[in-house]
There are 2 protein chains.
Amino acid sequence: MASRTADTTRSDADRGPQTRPGGRSARVRTAVHRAVVELLAEGPAEQLTMPLIAARAGVHPTTVYRRWASLGDLLAAVAESRFTGDLVVPDTGSLRGDLRRWATDVATDLTDPETLAIIRAALGASTEGGCACIGERRTQLGSMLDRERDRGGVVPTVDRAADVLMGPIYFRALFTEQPGDADWARDLADALVDHCTGTAAPSPA
Amino acid sequence: MASRTADTTRSDADRGPQTRPGGRSARVRTAVHRAVVELLAEGPAEQLTMPLIAARAGVHPTTVYRRWASLGDLLAAVAESRFTGDLVVPDTGSLRGDLRRWATDVATDLTDPETLAIIRAALGASTEGGCACIGERRTQLGSMLDRERDRGGVVPTVDRAADVLMGPIYFRALFTEQPGDADWARDLADALVDHCTGTAAPSPA
DNA sequence: GCGTCAACGCAACGATCGCTGCAATAATGC
DNA sequence: GCATTATTGCAGCGATCGTTGCGTTGACGC
């Protein structure tokens, strides 16, 4: 599985100056987030309620109601905190190497049922749930392309790279039973780089 | 918008011989399905409950509880009935023409907020919700490829076609704010056919 | 240390959910 | 047409949800 850092403190949205994200608040936030992840991994998302989450987190329901406006907001927050600072952007020296590594990392990450459950729930809850899931991934992609451009290479747009790489990876993970393995993801990266540099090989399939 | 046929009767899962899918049952089914679609288009999916659906459909809640085991089942049924017999498989005489037309149709269909809301909800509710949404689309893709193969053409696998076409289309619709227009979808189809026949053009982007 | 105030726990409430008796309706086969 | 019975409507119930007021805890500035 891809490297995953611990739950970060103080990321909920920069609070005003009169705020105390100190020890207790941070613990509550972490516990609630963990509870959401666990419950999503265990049962269907439709019967995920605030009191249930609170009970699992060992926190009073009132606290959950007061800190997160709705279940959708909570899910979006969980998704965002889970998908930021999560994956280390590869730096292998070549665009092909970077994209290969990154694509296989992302595909591997989406193998985890917990991760998938979070994405599903965040998508279903609110309209902006999807952006919270992939926002960080998209900027990662952009930084790798920028690096190659600085090296003087020809690079596709971020949109095109997202279409070719993230499109199939997320599509398979969400809609099919075959999540796509590392080799498959590597081929996706190769196809993007090959098509970009003009060295297109006839389809092997 | 893509052509969309009326809600089909008698598709819920072939009932046993001792069943009465006659007039009233069909009407109730249609009304409930329509209520789900309407409510999903109006408000957030998280506060979609059985009694609410029943009230909108003009049906007693008990009926909904008895006919559909859970909200997830109901959403999956709605998605399945919405995405079957929906899009006419194009037959233009060439694979490129077929895929161009099909891709633009699918992309256009996903522009509809109602359709998007159904997919989101079905994905979030149950694990198999995704398959219900794209199962029919995948077979459509397969039939077009089969037709080209019968004509003697070189065709990609269904998996590859789904990766290249459905991947970006569904990804953009679900995760980004730019759903992808007709020209963009047409380019996706062209890229697939070009890469398949070996006539690859250097990236324009 | 010590006071202040944001954040949490507690108790209680109305509303709604999900379900289960039984009666009424209408689709189906004869 | 008529009997059968799958299907729906109705009333009512326990459980849980989402919220509010108030007291308590503990993080932060001094």
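Just so it is clear: chains get the letters A, B, ... in the order the sequence lines come, proteins before strands, and each one is counted from 1.
Contact between B/L40 and B/A117 at its shortest, heavy atoms only, is O-CB, 3.8 Å. Nearest heavy atom pair, residue A/G93 against residue A/D98, reads N-OD1, 3.9 Å.
Within the structure, a side-chain polar atom (N or O) of A/Y65 is placed less than 4.0 Å from OP1 or OP2 of D/dG18. Contact check, B/R67 against D/dA6: no side-chain N or O comes under 4.0 Å of OP1 or OP2.
A heavy atom closer than 4.0 Å to some atom of DNA chain D occurs in no member of residues 36-57 of chain B.
Proximity of a side-chain donor or acceptor of B/E46 to a complementary backbone N or O of A/G72 within less than 3.5 Å is detected. Side chain of B/T30 to backbone of B/A26: a donor-acceptor contact under 3.5 angstrom is found. Looking at B/T115, its side chain never comes within 3.5 Å of a backbone N or O of B/T111 through a donor-acceptor pair.
In this structure, B/W68 atom CH2 and C/dG18 atom P are separated by 15 Å, rounded to whole Å. Atom CG of A/L71 and atom P of D/dT19 are 12 Å apart (whole Å).
Shown here are the side chain to side chain donor-acceptor pair (under 3.5 Å) partners of B/Q47, two or more places apart in sequence or in another chain: there are none.
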Interface polar pairs with nucleotides 9-12 of chain D, N/O, under 3.5 angstrom:
| unit_1 | atom_1 | unit_2 | atom_2 | d |
| --- | --- | --- | --- | --- |
| D/dG9 | OP2 | B/H60 | N | 3.1 |
| D/dG9 | OP2 | B/T63 | OG1 | 2.5 |
| D/dG9 | O6 | B/R66 | NH2 | 2.6 |
| D/dC10 | N4 | B/T62 | OG1 | 3.2 |

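Remark: A/M166 CE to B/F171 CZ distance equals 4.0 Å, nearest 0.5 Å.
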Could you check B/R160 against B/D163 for salt bridge (Lys or Arg N to Asp or Glu O under 4.0 Å), going step by step and ending with a plain yes or no?
CA-CA 5 Å; B/R160 168 125 192 94; B/D163 288 341; 5.3 Å; no
